[in-house]
Number of protein chains: 2
Amino acid sequence: MPRSSGKTRDQILEAAMDLASVEGLEGLSIGRLARRVEMSKSGVIGHFKSKEDLQLETVRAAVGVFEAEVQAGVTAEPGLARLRVLLERWTRHVASGRFSGGCFFWAASAEFDGRPGRVRDAVARATLHWLEQIVAEVRLAIRLGEIRSDEDPEQLAFELHALVQEANWARQLLDRSDAFDRARRGIERRLGQAEKSN
Amino acid sequence: MPRSSGKTRDQILEAAMDLASVEGLEGLSIGRLARRVEMSKSGVIGHFKSKEDLQLETVRAAVGVFEAEVQAGVTAEPGLARLRVLLERWTRHVASGRFSGGCFFWAASAEFDGRPGRVRDAVARATLHWLEQIVAEVRLAIRLGEIRSDEDPEQLAFELHALVQEANWARQLLDRSDAFDRARRGIERRLGQAEKSN
DNA sequence: CCTACCGATCGGTAGG
DNA sequence: CCTACCGATCGGTAGG
């Protein structure tokens with residue numbers, strides 16, 4: 001059962017994710033967020049213990065969106081087929097404009113990589129988890145004989161992951177509308193190379 | 001001839017680049033920068049017209065560092081050989097820890113991609129210029145018959161560029177000390193694939 | 001280059 | 001959920 005003010009809290013977090021994707025999790029000030037959701041500052045912060053707590057809850061909410069849009073309900077066969085589906089869903093999610101500022105975690109990564117603390121740890125944990133999921137899927141595909149056994153799963157995951165992050169960069173900073181198609185082409189070419197021939 | 005206070009100004013910009021690589025160009029506040037260089041706030045801002053001007057000069061200084069460490073004095077043969085040298089010098093520069101927060105332009109990209117203005121334009125111009133230089137070198141290598149003529153220069157440059165940015169991300173956020181070796185392996189593998197066999 | 005100051009905004013709290 | 005307020009810090013200026 002949701003608590004009584006669950007709806008408002010969710011609305012605040014939805015606005016917080018969008019604001020943070022543009023202005024960063026630090027630029028996400030309580031006053032600015034309050035204006036955005038048309039509440040008083042104390043009304044906003046009353047839902048959270050502190051700004052750090054608000055940032056942590058915002059990261060957690062973004063993890064929830066990612067899981068729902070990228071990971072949930074994938075029915076493809078485990079291995080190479082599921083790897084392709086996961087990468088395509090990720091690409092589509094980042095390209096979709098779900099958040100005004102592009103990929104939430106790319107922005108949060110760059111902002112918090114130099115600031116020790118719980119927010120940085122939460123961002124690192126979430127992004128590492130996703131990277132490790134790609135590694136695991138590559139490993140499975142190797143075990144199934146779909147990907148060449150001389151491929152290093154960590155290396156292949158690194159290269160695939162790089163392409164989607166690059167696409168986000170190229171679209172957000174350089175306004176390259178073809179960025180995600182380039183990521184897709186790179187992924188397909190790389191997987192084609194890794195695939196066991198025959 | 002440098003103006004009389006050129007030395008101090010350069011010291012301020014050196015500190016500003018380092019601070020911005022960690023805290024961002026916005027987190028680079030005049031007060032914090034003043035404390036870092038042991039001056040008063042007005043002493044710092046006196047060298048610049050405004051905070052935006054300070055940010056622009058800091059970007060310009062970072063372009064200068066990049067040119068000196070990556071682009072200057074490359075003697076390799078134009079084409080594939082020079083492409084390899086440029087990518088290796090870029091990788092080494094980003095890996096070197098020249099700035100505390102890792103790649104200055106990666107941090108600035110994520111921070112300003114959602115904020116219109118002159119700072120964003122300067123960051124976009126600088127990074128686009130570097131990307132276009134990689135494209136140009138690929139094109140030359142194709143013309144020289146060193147890279148297969150069915151390679152799309154923009155696509156290949158996108159993929160190579162992605163690997164170094166990914167390495168910066170992996171080291172700064174995930175503390176992956178092997179990140180730049182992964183970038184190197186990816187670059188070599190990709191160039192090997194693009195290379196004309198025989 | 002400094003001190004001293006401006007109005008605005010920051011995160012957060014008191015009190016209701 | 002609100003108003004009203006706290007001390008700290010923001011970018012920037014006056015005056016020297």
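Throughout, protein chains are lettered first and strands after them, A, B, ... in sequence-line order, and every chain is numbered starting at 1.
- Using a distance-only test at 3.5 Å, with no hydrogens or angles considered, no donor-acceptor pair links the side chain of B:E67 to the main chain of B:A72.
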(request) Evaluate the criterion side-chain contact (heavy atoms from CB on, under 4.5 Å) for residue pair B:H161 and A:E166; output intermediate values, then yes/no. (result) CA-CA 8 Å; B:H161 192 268; A:E166 175 80 357; 2.7 Å; yes
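- Proximity of A:T58 to A:M17: side-chain heavy atoms (C-beta onward) are separated by under 4.5 Å at one or more points.
- In this structure, B:S29 reaches the D:dC10 phosphate: one of its side-chain N or O atoms is under 4.0 Å from OP1 or OP2.
- Cluster membership for A:L174 and B:F104, using ILVMFWY side-chain heavy atoms within less than 4.5 angstrom, is shared.
- A:T8 has a side-chain polar atom (N or O) that falls below the 4.0 Å cut-off from OP1 or OP2 of D:dC1.
- Put simply, the side chain of B:K51 and the base of D:dG12 share no donor and acceptor less than 3.5 Å apart.
- As a whole-Å value, the separation of B:E26 CD from C:dT9 P is 14 Å.
- Protein atom CD of A:E23 is 14 Å distant from nucleotide atom C1' of C:dT9, rounded to whole Å.
- Rounded to whole Å, the distance from CZ on B:F48 to P on D:dG11 is 13 Å.
- Side-chain nitrogen and oxygen atoms of B:S42 include none within less than 4.0 Å of the OP1 or OP2 phosphate oxygen of C:dT3.
- Nearest to the side-chain atoms of A:S40 among the listed nucleotides D:dC2, D:dG12, D:dC1 stands D:dC2.
- Within the 4.0 angstrom heavy-atom criterion, base atoms lie near A:I45.
- In this structure, of D:dG11, C:dC10, C:dG11, it is C:dC10 that holds the atom nearest to the side chain of A:R35.
- Taking every side-chain heavy atom of A:I30 into account, C:dG12 is the closest of D:dC2, C:dG12, D:dG12.
- With rounding to whole Å, B:H47 atom NE2 is found 8 Å from C:dC1 atom C1'.
- Rounded to an integer number of Å, the gap from CZ of A:R32 to P of C:dC10 is 6 Å.
- One interatomic measurement links the two molecules: CE of A:M39 to P of D:dT3, which rounds to 11 Å at whole-angstrom precision.
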